[in-house]
**Q** 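Below you will find the structure I want to go over with you.
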Amino acid sequence: MPTFLPELVTDILLLLPVKSLLRFRCLSTSHCSEIDRADFVKNHLNISIQTKIRQKLLFCDSESIMNGFAFDFYCADFDDDLKAAFLLKNPLKSPHRCTMVCASYNGLILLGFRFNNLALWNPFTRRYRRLPLCPVKTLSGFQNFVNFGLGYDSTLDDYKIVTISEFHDSNHVVFQAWVFSLKSNSWKRSQDVENKFTALVGCFANGALYWACDNKFVGFDLTNEVFFDLPLFPGWDPKSIYHHDYDILVVFGGDPYASIIRDEHKSVEFYLFVSDKSREVSGGSWRKEFTLEEGDLSPLAYLKEGDKILFRKGNEIFWYNLEEKTRQRVVVASPVMTDFLWITDIFGRPEVPMYNYHVCCESLVSLGSDAAFDGAPY
């Protein structure tokens, strides 16, 4: 039987999907050790990010929302042109509560069924970890909104979750921010926030999480665990951002990317936040990229060839070709194809859209040796 150099074997393994790698762990102790190495996990993830292979579109069964049951999750593969989807087993599924996707990054999905009941899940390794309850300081009055963010602190090699809870009483509003560290498996109180966040989920880029607020964009540095304001750009309209006309997404090389709806929802302008690498994480400026003469578009993904963007509009998703200015509707063959819903969510937000499309990538990122198995077959 021919033998292969270890380096060649590693290069071959790095190109394989997670499902195959999990099976190959059983071939020998050397294969298992190689696939479990931290450097291998990072290199496998970096190849996925840099080449945009092994990218997935995760969405939810909206029928279960209407019936008050837990979500079922489905996953479609960009490498297969989103032609078909397969069912993912929801580790928190219960007939008595609804589960929603709160955030995602590097193949990890943040699930929640109440504002203080969260779990991290890697649907590709089939492992999940329930988070300890956040010791949020409950105030008099009532808790209204909760905002989320999930990102990676490269300095400490640690995944962190940020939650922002909004409390109301008769006199004032308080926004509490808490940070969870996967490495220490604990929560820590951060600085309070002064502004109401209009974006449910913060997007991660360049070491920070970003949200739209009621009159500006705000970032959170995951290493220093402090908030900062992003610079404004020409044509800034605080009234427009308050009415959910601004989105931040991580596209175009990983930089924050804003879509601004103009002309009474008839067109959308797209701005790229170009970071100044020589300054702190908040340094940089906005640069206008292009305008689409069509309103109410929500970008989801950027194609690896660089000429197409995947959009959602209402209950449809489609590719938009930037050069040809044409669109192509995407129809995913699945047991249930979700619609875009406007209902009251499990956190009490009346009439807000359920963000039930999420773009993520396969990864071997571990949740710890004591992470639970979700019960799905390999």
**Q** Go through it in stages, so that I can follow the logic: the residues are Arg25 and Asp36, the test is salt bridge (charged side-chain N to carboxylate O under 4.0 Å, His left out), and I'd like the CA-CA distance, side-chain angles, deciding distance and then a yes or no.
**A** CA-CA 8 Å; Arg25 290 177 75 253; Asp36 289 347; 2.8 Å; yes

**Q** Find out whether Glu225 and Gln191 are in side-chain contact, i.e. whether some heavy atom of one side chain is under 4.5 Å from a heavy atom of the other.
**A**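 They are not in side-chain contact.
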
**Q** Measure the spacing between CG of Leu182 and CG of Leu156 and express it to the nearest 0.5 Å.
**A** 12.5 Å

**Q** Under 3.5 Å, is there a donor on one side chain and an acceptor on the other for Gln55 and Ser48?
**A**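 No, no side-chain donor-acceptor contact under 3.5 Å.
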
**Q** How close do Ser190 and Phe227 get, counting heavy atoms only, and between which atoms?
**A**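 That closest heavy-atom pairing would be OG-CE1, 4.4 Å.
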
**Q** With rounding to the nearest 0.5 Å, note down the distance linking CG in Leu131 to CG in Asn185.
**A** 7.0 Å

**Q** Before you tell me yes or no, could you show the steps for Leu111 and Asn90 under side chain to side chain contact (heavy atoms under 4.5 Å, CB included), namely the whole-Å CA-CA distance, both residues' side-chain angles and the distance that decides it to 0.1 Å?
**A** CA-CA 9 Å; Leu111 300 177; Asn90 177 3; 4.1 Å; yes

**Q** Do Leu230 and Tyr210 come close enough that some side-chain heavy atom pair is under 4.5 Å?
**A**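 Heavy-atom side-chain distance check passes, below 4.5 Å.
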
**Q** Would Tyr152 and Asp157 count as having a side-chain donor-acceptor pair, cut-off 3.5 Å?
**A**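 The answer is yes; a qualifying pair exists.
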
**Q** Shortest non-hydrogen contact from Ser104 to Cys360?
**A**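 Ser104 and Cys360 have their closest heavy atoms at OG-CB, 4.5 Å.
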
**Q** Step by step, would you call Phe40 with Leu14 a side chain to side chain contact (heavy atoms under 4.5 Å, CB included)?
**A** CA-CA 8 Å; Phe40 183 91; Leu14 286 172; 3.5 Å; yes

**Q** Could you tell me the separation between the CG atom of Leu120 and the CZ atom of Arg129, rounded to the nearest 0.5 Å?
**A** 8.5 Å

**Q** Please tell me whether Asn106 and Ser363 have a donor and an acceptor in their side chains that are separated by less than 3.5 angstrom.
**A**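 There is no such pair (donor and acceptor under 3.5 Å, judged by atom type) between the side chains of Asn106 and Ser363.
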
**Q** Are side-chain heavy atoms of Trp187 and Thr163 found at a separation under 4.5 Å?
**A** yes

**Q** For the pair Trp319 (side chain) and Thr326 (backbone), establish whether a donor and an acceptor sit closer than 3.5 Å, ignoring hydrogens and angles.
**A**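 Not confirmed, Trp319 side chain does not pair with Thr326 backbone.
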
**Q** Checking the side chain of His44 only, and the main-chain atoms of Leu13 only, is there a donor and an acceptor separated by less than 3.5 Å?
**A**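 Such a contact is absent between His44 side chain and Leu13 backbone.
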
**Q** Search all heavy atoms of Phe59 against all heavy atoms of Ala85 and return the closest pair with its distance.
**A** CZ-CB, 3.9 Å

**Q** About how many Å separate SG of Cys134 and NZ of Lys188, when rounded to the nearest 0.5 Å?
**A**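 If I round to the nearest 0.5 Å, the distance is 13.0 Å.
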
**Q** Considering only heavy atoms from C-beta outward, does the side chain of Leu45 approach that of Leu364 to under 4.5 Å?
**A** no

**Q** Within the supplied structure, the quantity of interest is the number of heavy atoms (other residues, nucleotides, ligands) at a distance under 6.0 Å from Lys325 NZ; does it exceed 12?
**A**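 Check fails, neighbour count at 12 or below.
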
**Q** Could you verify whether a donor N or O on one side chain and an acceptor N or O on the other, from Asp374 and Trp121, lie under 3.5 Å apart?
**A**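 Side-chain D/A pair, Asp374 to Trp121: present.
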
**Q** Is the shortest heavy-atom distance from the side chain of Val330 to the side chain of Leu310 under 4.5 Å?
**A** yes

**Q** Tell me if a side-chain donor or acceptor on Lys56 pairs with a main-chain N or O of Phe78 at a distance below 3.5 Å.
**A**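 Checked: no pair found.
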
**Q** For side chain to side chain contact (heavy atoms under 4.5 Å, CB included), just list the numbers for Asn321 and Gln328, CA-CA rounded to whole Å, side-chain angles, deciding distance to a tenth of an Å, and then say yes or no.
**A** CA-CA 8 Å; Asn321 190 302; Gln328 180 182 3; over 6 Å; no

**Q** What is the ring orientation for Tyr105 with Phe204, classed by angle as parallel under 30°, tilted 30 to 60°, or perpendicular over 60°?
**A** perpendicular

**Q** Can you tell me how far CG of Leu150 sits from CD1 of Ile109, rounded to the nearest 0.5 angstrom?
**A** 8.5 Å

**Q** Are Ser30 and Ser33 side-chain neighbours, meaning at least one heavy-atom pair lies under 4.5 Å?
**A** no

**Q** Relative to each other, are the rings of Trp286 and Phe217 parallel, tilted or perpendicular (30° and 60° limits)?
**A** tilted

**Q** Mind checking the CG-CG spacing from Asp158 to Leu222? Nearest 0.5 Å is all I need.
**A** 9.0 Å

**Q** Do the side chains of Leu367 and Leu108 get nearer than 4.5 Å, heavy atoms only?
**A**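 SC-SC contact between Leu108 and Leu367 confirmed.
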
**Q** Decide yes or no for Ile317 and Leu57: does some side-chain heavy atom of the first lie under 4.5 Å from some side-chain heavy atom of the second?
**A**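 Yes. Closest side-chain heavy atoms under 4.5 Å.
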
